[in-house]
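Below is one structure, written out as structure tokens; comments come after it.
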Amino acid sequence: MSNFVSVTRDGGVAVVTIDNPPVNALSFHVREPLMQALVLLRDEPDVAAIIIACAGRTFVAGADITEFGKPVQQPDLRAIIAVLETIAKPTVAAIHGTALGGGLELALGCHFRVADAGARLGLPEVKLGLLPGGGGTVRLPRLVGPLKALNMIVSGTPIDAAEALATGLVDAVFDGDLIAQAIRFASEMVGKGGPFTPARDHNELLKEADLPAFDKEAAALAGKVRGLEAPIACAQSVRNAITLGFDEALAAERELFVKLVGGDQSRAQRHLFFAEREAAKVPGKDIVRRKIARVGVIGAGTMGGGIAMAFANGGYPVTLLETSREALERGLATIDKNYTVSVTRGSLSEDAKRQRLDLFKGSTDYGDLADCDLIIEAVFEEMAVKKDVFGRLDAVAKSGAILAINTSYLDVNEIAASTSRPQDVVGMHFFSPANVMKLLEIVRAEKTAPDALATAVELARRIGKVPVVVSVCHGFVGNRMLAARGSESEALLLEGATPRQIDQVFTDFGWSMGPFQMGDLAGLDIGWRNRKARGQTAVIADTLCEQGHFGQKTGSGFYRYENGSRTPAPNPEVEALIRDKAAEKGIAPRVIGTEEIIERTLYPMINEGAKILEEKIAARASDIDVVWVNGYGFPVGKGGPMFWAGLEGVDKIIGRLDHWHERTGKDIFRVAPLLRRMAVSGSWEGIAS
Ligand code: 3H9
């Protein structure tokens with residue numbers, strides 16, 4: 001029929017195959033021939049049943065996201081599903097890989113769904129700031145019940161084939177040749193005879209729906225989403241499926257979809273979807289990746305243990321090295337305990353825990369790292385200590401092994417130069433807890449070989465991380481921009497703001513926590529140690545640390561944490577300390593407004609981001625967004641600092657930075673030339689050279 005949709009026959013069963021690599025998205029060039037095929041097959045007397053299947057690695061993974069924001073070309077997905085539902089002969093979706101978003105909605109338009117045992121099915125639109133706009137919110141509740149549908153649609157998390165079978169989303173699960181078995185299934189349905197009922201006419205589960213229970217669950221979910229519109233719209237739309245007739249609910253879904261797809265939050269989240277994928281691309285066409293079969297981790301403390309778990313979770317055997325048996329036993333016991341917590345929470349099976357623990361081999365002998373293909377150190381953040389470790393590694397690691405430095409600030413070039421093989425050295429800046437946090441800054445040193453870099457990036461994706469390649473500078477992308485924000489947060493305190501007020505501005509903006517709460521959580525001593533190493537000061541934070549107040553771990557920091565609580569309570573001593581220090585410096589407190597807090601904390605971050613781009617520490621503005629959203633909690637609905645700069649208005653940002661520079665003379669407000677170029681061109685692209 002076309003390059004993208006073909007039809008084959010097996011007796012009376014027609015198999016329509018979509019072939020639109022890489023993920024069979026429902027682009028216009030697929031929808032048009034698909035619609036034609038369905039209309040033809042519907043009316044063809046020799047065809048008794050129709051199967052919709054896909055070539056390649058997956059069933060349809062959704063609408064084509066690149067088409068959003070452009071005029072819709074007909075037929076759209078809704079029109080195709082409407083035609084599907086006019087077909088009297090049995091229609092079967094044969095699902096392998098992932099049936100996501102519009103892909104699952106297409107399948108919901110069929111009378112039956114059969115799936116490969118490894119398939120996953122879901123409606124992840126919420127992660128793009130959308131709701132399922134092809135009838136998913138109206139049809140899914142009819143098959144799996146409103147509560148299950150609500151959870152699937154608001155979380156966006158796919159379910160596996162076994163669960164899909166148990167919930168009634170699919171009618172059969174097969175191992176082996178899916179198409180052959182789907183054909184058999186379709187023939188059986190033909191044999192049984194109709195009429196066949198499409199999902200739209202299954203109202204049984206809706207009639208039984210308990211609206212108060214639904215509303216309670218929806219309210220609980222809404223409480224978790226902090227300023228995001230899409231999850232609320234998703235819940236509303238599923239509720240409409242219960243309270244309105246099918247067509248009315250479908251029309252309401254459309255209305256909500258159109259509103260979301262044109263809004264800034266969805267634009268921001270779509271930007272992040274592509275930005276994450278772009279960030280994982282390393283230039284250079286035919287780079288052959290090195291083979292990584294075993295990973296070595298040096299240091300079994302919090303960071304090393306977390307890194308080791310991250311690799312074991314990705315299926316890699318790990319050699320974990322410590323200086324003493326006791327430290328090693330302690331580290332392994334913590335890993336065991338962490339997995340046990342996951343089992344207790346139900347997120348890991350006992351079997352999976354055992355399999356992961358079996359991947360660990362503990363050692364206190366550097367010689368045991370000789371069979372590792374990548375070795376990452378997580379020892380104390382001090383140049384001399386790291387160089388010592390790399391000297392030892394140099395002596396034992398096999399030729400071609402990648403040697404990775406886990407550092408937040410140190411000069412990776414200097415450490416690489418201290419080895420005999422700088423081409424094999426990269427930086428891998430994990431974020432704590434390393435088994436949980438997604439971001440991984442991969443540091444390309446001056447002499448890092450392209451294949452070593454590409455291997456590290458690919459490995460990061462394999463273990464479920466979001467990698468971003470950065471070059472060497474103090475603090476790389478994330479911590480360097482954080483420093484710009486941090487110094488001004490302190491200055492605002494001295495001028496009259498309180499930690500709680502500043503943190504509140506951040507949470508109102510959409511962050512999960514503000515800078516002071518985050519400092520307390522991470523441990524104020526980390527920044528203190530780093531400042532001391534660089535001869536820098538932060539009056540309030542330094543004084544707190546000198547007095548032993550490191551944040552949550554000591555029960556007090558900018559806030560108080562009574563009786564081991566994690567909930568911050570105001571700390572009157574800190575407020576008094578701020579007043580004293582301000583008086584010492586002759587600063588008279590004044591009332592500080594929300595706008596000023598934003599201008600003096602977030603605008604300098606964007607300015608620093610522009611400098612980072614100018615210096616080619618990051619390759620793209622969108623890489624910076626990926627760092628901030630995945631590593632530091634920048635609100636996804638705002639797309640990261642550089643994307644948000646466009647929403648806020650770069651002219652406005654420059655105007656206010658100029659104002660604050662004139663007023664304070666501080667370098668963080670000196671506008672980067674690249675930011676001025678961005679104001680003229682309106683885009684970050686193509687202005688960094
Ligand atoms: C939707 O369906 C709305 C409807 O309800 C309403 C309609 C009216 N479109 O992730 P990968 C590209 S919204 C366009 O690296 P993996 C991706 O950019 C959609 N492009 O592969 C990348 O391109 P490149 C709901 C897409 O194996 C390449 O494919 N669906 C789309 O790690 C490979 O992607 C979703 O949100 C798309 N829909 O993971 C699912 N999807 O090579 C989104 C991917 O140039 N997709 N691309 O960088 C995914 O979650 C993953 O891609 C998937 C495969 C799990 C499928």
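For clarity, every value in this text was computed on a predicted model and none was experimentally measured. Remember, it's 1-based here, ligands and their atoms both numbered in the order they're listed.
The closest protein non-hydrogen atom to atom 9 (N) of ligand 1 is Ile65 N, 2.9 Å. Among all protein heavy atoms, the one lying closest to atom 55 (C) of ligand 1 is Leu100 CD1, 4.1 Å. Looking at atom 5 (O) of ligand 1, its nearest protein heavy atom turns out to be Glu125 OE2, 2.5 Å. The nearest heavy-atom contact from the protein to atom 51 (C) of ligand 1 is Arg277 NH2, 4.0 Å. For atom 30 (N) of ligand 1, the closest non-hydrogen atom on the protein side is Ala61 O, 2.9 Å. Among protein heavy atoms, atom 24 (P) of ligand 1 sits closest to Lys281 NZ, 3.6 Å. What sits closest to atom 47 (N) of ligand 1 on the protein, heavy atoms only, is Val23 CG2, 3.9 Å. Summary of contacts: the protein heavy atom closest to atom 32 (O) of ligand 1 is Arg461 NH2, 4.0 Å.
Residue contacts with ligand 1 include Pro22, since one of its heavy atoms falls under 4.0 Å from the ligand. Heavy atoms of Arg78 come nearer than 4.0 angstrom to ligand 1 in no pair at all.
Within the set Ala63, Ala25, Ser27, Gly62, the minimum heavy-atom distance to atom 38 (N) of ligand 1 is found for Ala63. With distances taken over non-hydrogen atoms, the option nearest atom 46 (N) of ligand 1 out of Phe273, Phe68, Phe274 is Phe273. Proximity annotation for atom 54 (C) of ligand 1: of Arg57, Glu276, Gln269, Arg57 comes nearest, heavy atoms only.
For ligand 1 and Leu128, the ligand atoms under 4.0 Å from any heavy atom of the residue are 13 (S), 19 (C), 36 (O). Within ligand 1, counting atoms from 1 as listed, the ones closer than 4.0 Å to a heavy atom of Glu105 are 4 (C), 5 (O), 6 (C). Interface of Asp64 with ligand 1, defined as ligand atoms under 4.0 Å from a residue heavy atom, comprises 9 (N), 14 (C). Proximity to Pro132 (heavy-atom distance under 4.0 Å) selects the following atoms of ligand 1: 5 (O). Annotation for ligand 1: atoms under 4.0 Å from non-hydrogen atoms of Gly101 are 2 (O), 25 (C). Those atoms of ligand 1 that come under 4.0 Å of a heavy atom in Pro124, given as number and element, are 30 (N), 35 (C), 36 (O).
Distance remark: protein heavy atom present below 4.0 angstrom from atom 40 (C) of ligand 1. Within the 4.0 angstrom cut-off, atom 12 (C) of ligand 1 has no protein heavy-atom neighbours.
The closest side-chain donor-acceptor pair between Arg270 and Ser266 falls under 3.5 angstrom. Side-chain polar atoms of Ser512 and Arg226 form no donor-acceptor pair below 3.5 angstrom. Counted by atom type alone, Asn151 and Glu217 present one or more donor-acceptor pairs between their side chains at under 3.5 Å. A side-chain N or O of Tyr339 and one of Asn313 form a donor-acceptor pair less than 3.5 Å apart. Side-chain atoms of Asn240 and Gln236 form a donor-acceptor pair, as typed in the model, at a separation below 3.5 Å. Under the 3.5 Å distance criterion, with hydrogens and angles disregarded, no donor-acceptor pair is assigned to the side chains of Ser349 and Asp351.
Checked against the 6.0 Å centroid threshold, Trp644 and Phe509 count as a close aromatic pair. A distance below 6.0 Å separates the ring centres of Phe4 and His29.
Looking at Gly133 next to ligand 1, an N or O pair under 3.5 Å apart turns up.
Ring geometry for Phe112 versus Phe196: interplanar angle over 60°, hence perpendicular rather than tilted (30 to 60°). Aromatic ring orientation, Phe431 versus His429: tilted (interplanar angle from 30° to 60°).
Within a 6.0 Å radius of CZ in Arg462, other residues, nucleotides and ligands contribute 12 heavy atoms or fewer.
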Report task. Check step by step if side chain to side chain donor-acceptor pair (under 3.5 Å) holds for Thr137 and Glu253. Result -> CA-CA 7 Å; Thr137 64; Glu253 179 197 86; 2.5 Å; yes
Requested in this report: Take Asn20 and Ser27 through the test side chain to side chain donor-acceptor pair (under 3.5 Å) and record every step on the way to the result.
Outcome: CA-CA 8 Å; Asn20 185 27; Ser27 318; 3.1 Å; yes
